[in-house]
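What you see below is based on every heavy atom in this structure, not just the backbone, and it leaves out hydrogens, waters and symmetry mates.
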Amino acid sequence: MCSDPISGIIQTGIFCARNTGKVATGKDTGRLGATGAQMLSLTDKLSHNASVFGEGVLRATDAADTFICNTLKNAGKEGAADALEAAAKASNGSVVGTIAAKAVNPLLVLAAGVRVLKDDDQYSALIEETSAMGMMFGAEKLMSTAKSTLFDIAENGAKEITESKGFIEGAKNLAKQGLNTAGKWFSGLSKGGQTAAKVGIGLLFVAGSITAYNVGKAIGQKLSGRAEKPAAAGTTQG
């Protein structure tokens, strides 16, 4: 699959900046853990793909990777170590960065739990946060799959599309037809054009995540009966 560090850097950078602001201003201190993981993930992406921090960070992450993998292997978790190393290689990053990236969503769920506990109406807050988080994670999963498919098509050519009378399968085929067309268009761009497109994809991912969270929050407020109250600013990642 075609590696896409550019949109990943854009996404992680914006999410990290937004969450840092929320923690720093005291609006949502529960995001501290997720913000730290995003900072580590962003540093890893930049050090491996943009040479921003020089060799020092790379040496540090290499040493940390060796320690983590050796510790897992010594504990009889060779499979886990191999999986982390494979994921790091696929993302052109480090094991440390991979762990940080994977930790973001669980830490965002923890932050949502903190918001629920701080709310005067915890039952309503639980409904709202569950709806918002579920909508956002679902949208991000769809966007991630679409992005991966797009770059795979651009690198390896169009994928076979089978006709189906079923509504769900028909919708999937329609989406794949669109991705095939987009993949052909992307592969025909110049190197600069592809870079600009990847930046745009990163920005669209952020916008989609924020929109999905806000829509989910609005639905949750309808369900909880607090729709007349303004939603709290922000998203779980954005």
task = Report the C-alpha separation of E129 and V109 in whole Å, then their side-chain angles, then the decisive distance to 0.1 Å, and conclude whether the side-chain contact (heavy atoms from CB on, under 4.5 Å) test is met.
result = CA-CA 9 Å; E129 289 293 342; V109 172; over 6 Å; no
request  = Keeping the roles fixed (side chain from D152, backbone from S148), state whether a donor-acceptor pair exists under 3.5 Å.
outcome  =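 Such a contact is absent between D152 side chain and S148 backbone.
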S131 side chain vs I127 backbone, donor-acceptor pair below 3.5 Å =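 Side chain of S131 to backbone of I127, a donor-acceptor pair under 3.5 Å: no, none is there.
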Separation between [atom1] of [X] and [atom2] of [Y], rounded to the nearest 0.5 Å:
| X | Y | atom1 | atom2 | value |
| --- | --- | --- | --- | --- |
| S47 | L58 | OG | CG | 5.0 Å |
| I153 | F186 | CD1 | CZ | 12.0 Å |
| I9 | L42 | CD1 | CG | 7.0 Å |
| T98 | L40 | OG1 | CG | 10.0 Å |
| L204 | Q11 | CG | CD | 10.0 Å |
| M135 | K217 | CE | NZ | 13.5 Å |

ask   = Would I210 and M136 count as a side-chain contact (heavy atoms from CB on, under 4.5 Å) if you check the C-alpha gap in whole Å, the side-chain angles of each, and the deciding distance to 0.1 Å?
value = CA-CA 7 Å; I210 293 172; M136 190 203 74; over 6 Å; no
Within one Ile-Leu-Val-Met-Phe-Trp-Tyr cluster: [X] and [Y], side-chain cutoff 4.5 Å:
| X | Y | value |
| --- | --- | --- |
| V199 | F15 | yes |
| W185 | L179 | yes |
| Y123 | V116 | no |
| L223 | V215 | yes |
| V104 | M133 | yes |

Tell me, do [X] and [Y] make a side-chain contact under 4.5 Å, heavy atoms counted?
| X | Y | answer |
| --- | --- | --- |
| S94 | H48 | yes |
| L203 | I14 | yes |
| I6 | N49 | no |
| E85 | C69 | yes |

Heavy atoms only: give me the nearest [X]-[Y] pair and the separation to one decimal.
| X | Y | value |
| --- | --- | --- |
| G33 | L107 | O-CD1, 3.3 Å |
| E128 | S224 | OE2-OG, 2.6 Å |
| A154 | S187 | O-CB, 3.6 Å |
| G97 | D44 | CA-OD2, 3.5 Å |

request  = Dump the intermediate steps for side-chain contact (heavy atoms from CB on, under 4.5 Å) on L84 and L72, then the final yes or no.
outcome  = CA-CA 10 Å; L84 284 172; L72 288 171; 3.7 Å; yes
ask   = Side chains of E140 and Y213: donor-acceptor distance under 3.5 Å anywhere?
value =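 No donor-acceptor contact under 3.5 Å links the two side chains.
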query = Going by atom types alone, do K45 and S41 pair a side-chain donor with an acceptor below 3.5 Å?
reply =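 Present: a donor and an acceptor within the cut-off.
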ask   = Who pairs with K118 by side chain to side chain contact (heavy atoms under 4.5 Å, CB included), at least two apart in sequence or on another chain?
value =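 Checked K118 against side chain to side chain contact (heavy atoms under 4.5 Å, CB included); matches are T29, V114.
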query = Which residues satisfy the side chain to side chain contact (heavy atoms under 4.5 Å, CB included) test with I201, sequence neighbours excluded?
reply =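 In terms of side chain to side chain contact (heavy atoms under 4.5 Å, CB included), with neighbours along the sequence ignored, I201 is linked to S7, K147, L150, F151.
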key: Electrostatic pair D119-R226, nearest N-O below 4.0 angstrom   =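 Salt bridge between D119 and R226, a charged N being under 4.0 Å from a carboxylate O: yes.
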ask   = So, D28 and R31, do they make that salt bridge, N to O below 4.0 Å?
value =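 Counted as a salt bridge, because a side-chain N and a carboxylate O are separated by less than 4.0 Å.
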request  = Could I get the full list of side-chain hydrogen bond (donor to acceptor under 3.5 Å, both in side chains) partners for D121, not counting sequence neighbours?
outcome  =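 D121 satisfies side-chain hydrogen bond (donor to acceptor under 3.5 Å, both in side chains) with S124 only.
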request  = Check the pair F205 / S144 against side-chain contact (heavy atoms from CB on, under 4.5 Å), numbers first and verdict last.
outcome  = CA-CA 8 Å; F205 188 98; S144 294; 3.5 Å; yes
